[in-house]
Amino acid sequence: MGTKAFNSKVLKEESRPSIVQRMENQERQKKFEQKQKEVEKEIRQEQREALKQGIRPKFVTNKEKSLRMAEDEWALIPDQHQRTIVHIDVDCFYAQVEMVRDPSLRDKPLGIKQKNLMVTSNYVARSMGVKKSMWIKDAVKILPNLVFVDGSDLTHYRQFSTEISAVAQSFTPNVERLGLDENYVDITDIVGDYISPEYSAIEGHVFGDKEEDRKVLGDPCGCGCLQRLTAGSHLAKKIRQQILETTGITCCAGVAHNKLLAKLVSGYYKPNQQTVVFPWQAHDVMESLKQARSIPGIGSTTFKILEDLNISTVQELQNASLSTLHTRFDEETSKRLKDLSYGIDEGLVRKSGKPQSIGLEDAFKKTSKQKSWDLTSQTHQPAKGRLKQKVKERKPQRLKPKALLNLM
DNA sequence: ATGGGTCCT
DNA sequence: AGGACCC
């Protein structure tokens, strides 16, 4: 609980360098950002041109960017990859929760089932050849002594999930939940506390972890992202440690200057490990994906359209011309898709608040074309009851189940 | 796959 | 209200 371990490591006030340069003058700040955008647009345009000619666009450092902006006074603020983002991803979440609740399951191969599906399994099971999501009957074929726990009641998972987010929130309020087992944490505002010689080595893996990467790392950018992300790796470690201490749950983390890269990289070394990626490695990260579909933000519908356009790999998306994309997507989306393919993502970490809705859906077969459902009919009563129950559990006294039955 | 979720039109 | 995305 609390942040004791964290605070004890915090550096003395005067040795703490300030990271996010606060501009006193709003006007100046605005102009700077505007100029910055122009230059970035220019650069992106150039990179696309380069691609059209079959040349691989090179990473443009912030030093170079500042130089380009040098005719203006705003060029003096060199902060480019200003943010530091951590993506936290719990290892086989449901299975871990069950193992914490019943430690005797720890060393057994464990599968979590919902209906006929094994939705996840622990690492013991995985090491014995059981895949992530399989039909129960297939899983049992591979591993007859697989132990199953029913995971269709999500209440415990929700409890652990909010506890995990709460740990992250004890570091900074800027936490975005994604499903039950993932969190984005924007640590930009606190990462400065971890920039110091004490923390100058990178904690955990660097993307493309080879011995060289650790030593040869110069500072090709110069905006401070090297230091911030390095510090971020220590903060990520702290967060993971604290999650483990308070909940008994292990997780992976990815550290990057944007959400996309942080997420892509967090699962790179599993389980219970973490990975940092630097801006100049964005291309390598993206190249490590094959299908454009595996870019978060490109879902099945978008991917189908891309396939129509004969674009299915990340590289093909990188190479696609904006005008081609524009035939099927609006301008914003086209630009966004191309950005994603390069590992560019300006998306903000948005604070997750209280859940916006509590829902319950039953899938039932259509028997015939039906215009309206009879809500008073018996078939709906069970669902109605369960929903009431759910609301009761999760909203102890507030909110009456009044406008809740919004069927259709 | 299924059953929650969120955000954007 | 529907459709896109996410796990």
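Throughout, protein chains are lettered first and strands after them, A, B, ... in sequence-line order, and every chain is numbered starting at 1.
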Rounded to whole Å, CZ of A:Arg177 lies from P of B:dG5 at a distance of 10 Å

Are the side chains of A:Met99 and A:Leu110 in touch, meaning some heavy atoms are under 4.5 Å apart? yes

Could you check whether A:Leu154 gets within reach of a base, just the sugar-phosphate, or nothing at all, counting any heavy atom under 4.0 Å? nothing

Rounded to the nearest angstrom, tell me the gap between atom CG in A:Leu178 and atom C1' in C:dC5. 9 Å

Just how far, in rounded Å, is P of C:dC6 from CG of A:Leu264? 11 Å

Quick one: A:Leu180 CG to B:dT2 P, roughly how many Å, whole number? 19 Å

Could you walk me through whether A:Arg106 and A:Asn122 pass the side-chain hydrogen bond (donor to acceptor under 3.5 Å, both in side chains) check? CA-CA 8 Å; A:Arg106 282 254 167 230; A:Asn122 68 358; over 6 Å; no

Of the options B:dA1, C:dC6, B:dT2, whose atoms approach the side-chain atoms of A:Val119 most closely? B:dA1

To the side chain of A:Thr302, which of B:dA1, C:dA4, C:dC6 is closest? C:dA4

Salt bridge between A:Lys259 and A:Glu176, side-chain N to carboxylate O under 4.0 Å? yes

Using only side-chain N and O atoms of A:Ser300, determine if any of them is under 4.0 Å from OP1 or OP2 of C:dA4. no

side-chain hydrogen bond (donor to acceptor under 3.5 Å, both in side chains) between A:Ser165 and A:Arg177, intermediate numbers included: CA-CA 7 Å; A:Ser165 297; A:Arg177 290 160 53 76; 2.7 Å; yes

note: A:Asn116, atom CG; B:dT2, atom P; distance rounded to Å ~ 10 Å

Side chain of A:Arg158 only, heavy atoms from C-beta on: which candidate in B:dG4, B:dG3, C:dC5 is closest? B:dG4

Expressed in angstrom and rounded to an integer, what is the separation of A:Lys113 atom NZ from B:dG3 atom P? 16 Å

Against the side chain of A:Arg350, the closest entry in C:dC7, B:dG3, B:dC8 is B:dC8

Check the angle between the aromatic planes of A:Tyr157 and A:Tyr94 and answer parallel, tilted or perpendicular using the 30° and 60° thresholds. parallel

Roughly, in whole Å, what's the span from CZ in A:Arg336 to C1' in C:dC5? 10 Å

For the side chain of A:Lys263, starting at C-beta, report the closest nucleotide among B:dG3, C:dC6, C:dA4. C:dC6

Separation of B:dC7 P from A:Leu348 CG (nearest whole Å): 13 Å

Closest of B:dA1, C:dA4, C:dC7 to the A:Glu182 side chain is C:dC7

Proximal nucleotide (of C:dC6, B:dA1, B:dG4) relative to the A:Arg293 side chain: C:dC6

